[in-house]
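What you are looking at is a predicted structure, and each value in this text was computed from that prediction instead of being measured.
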Amino acid sequence: MTSATTMTAALGAEHREQLMRLAREVSFPSGARLFEEGRHADRFWIIRSGTVALDLHVPGRRAAVIESLGHGELVGWSWHFAPYVWQLGAEAASPVRAHEFDADAVRAMCARDPDFGRAVATWVGRVVAQRLQASRNRLLDLYAPYGSGVRG
């Protein structure tokens, strides 16, 4: 993921501070599922340490890992868009420490403060666009005869 989609790069200091007031520290052991595709999205995380693998259910096959996320990156964007259902799954690929945020509380803060809400929406939108491209590339690599043409 590009640095433009990390919280530090995407949100100004004041908005980061506002968001961090709602954070609680959590940890996940390697192999723990953070969420499952198709279930209710009621929270999100910013990774402090470790790696989270995003995956996509592929009928008749193992889930395809779409992207690996690390320090400073947003895990989960489905909480921001109704009907608040996870579009991917996520698993801790290593032990993970993260800041966890309650989606209802963040959405309420966004509604109360339009500048904060706009900043969060822009950030999450950038993440969605980047994840869509990563998903496209990964699926082409897995299933298209010549792959996506993107390496690295």
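The distance from the CZ atom of Arg43 to the CD atom of Glu100 is 4.5 Å, given to the nearest 0.5 Å. Between the CD atom of Gln87 and the CZ atom of Phe81 there is a distance of 10.5 Å, given to the nearest 0.5 Å. Atom OG of Ser30 is separated from atom CD of Glu91 by 7.5 Å, given to the nearest 0.5 angstrom. Distance NE2/His15 to CH2/Trp123: 12.5 Å, rounded to 0.5 Å. Considering CG of Leu19 and CD1 of Ile46, their distance stands at 6.5 Å, rounded to 0.5 Å. Within the model, atoms CG of Leu54 and CG of Leu34 stand 9.5 Å from one another, a figure rounded to the nearest 0.5 Å.
Put simply, Leu69 and Leu132 are part of two different groups of oily side chains (I, L, V, M, F, W, Y) that touch within less than 4.5 Å, one to the next.
Partners of Arg62 by side chain to side chain contact (heavy atoms under 4.5 Å, CB included), not counting sequence neighbours: none found. Glu37 pairs by the side chain to side chain contact (heavy atoms under 4.5 Å, CB included) definition with Leu56, His57, not counting sequence neighbours.
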**Prompt:** Run the side chain to side chain contact (heavy atoms under 4.5 Å, CB included) check on Glu17 and Met20 step by step: do they pass?
**Reply:** CA-CA 5 Å; Glu17 289 172 17; Met20 291 308 293; 5.8 Å; no

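Side-chain atoms of Trp86 come within 3.5 Å of backbone N or O of His40 as a donor-acceptor pair. Arg16 places a side-chain N or O within 3.5 Å of a backbone atom of Leu11 that can act as its donor or acceptor partner. Using a distance-only test at 3.5 Å, with no hydrogens or angles considered, a donor-acceptor pair links the side chain of Glu73 to the main chain of Gly70. Between the side chain of His99 and the main chain of Arg24, no donor-acceptor pair closer than 3.5 Å is present. Judged purely by atom type and a 3.5 angstrom limit, Ser78 uses its side chain to pair as donor or acceptor with the backbone of Val85. Between the side chain of Ser94 and the main chain of Thr51, a donor-acceptor pair closer than 3.5 Å is present.
Between Asp42 and Asp104, every side-chain heavy-atom pair lies at or beyond the 4.5 Å cut-off. In this structure the side chain of Val106 reaches within 4.5 angstrom of the side chain of Leu22, judged on heavy atoms. When side chains are defined from C-beta on, Val52 counts as touching Ile47, because their heavy atoms get closer than 4.5 Å.
In this structure, Ala103 and Trp79 approach most closely via the heavy-atom pair CB-CB, 3.6 Å. Contact record, Gly89 with Arg33: CA-NH2, 3.6 Å, taken as the closest heavy-atom pair. Between Ala90 and Asp55, the shortest heavy-atom distance links the atoms N-OD1, 4.1 Å. Closest approach of Pro29 to Ala92, counting heavy atoms only: O-CB, 3.4 Å. Residue Val65 comes nearest to Ala53 through the heavy atom pair CG1-CB, 4.1 Å, listed as atom of the first residue, atom of the second, then distance.
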Going by atom type alone, with no hydrogens or angles, which donor-acceptor pairs under 3.5 Å involve a side-chain atom of residues 108-119 and a protein atom two or more places apart or on another chain?
| from | atom 1 | to | atom 2 | distance (Å) |
| --- | --- | --- | --- | --- |
| Asp113 | OD1 | Asp115 | N | 3.1 |
| Asp113 | OD1 | Phe116 | N | 3.2 |
| Asp113 | OD2 | Gln18 | NE2 | 3.2 |
| Asp115 | OD1 | Arg118 | NH2 | 2.5 |

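Figure legend: Arg107 and Tyr84 shown as a cation-pi pair, the cationic atom lying under 6.0 angstrom from the six-membered ring centre and within 45 degrees of its axis.
Between Phe101 and Phe44, the ring planes lie parallel to each other; the angle is under 30°, not in the 30° to 60° tilted range.
A salt bridge links Glu67 with Arg131; the closest basic N to acidic carboxylate O contact falls under 4.0 Å.
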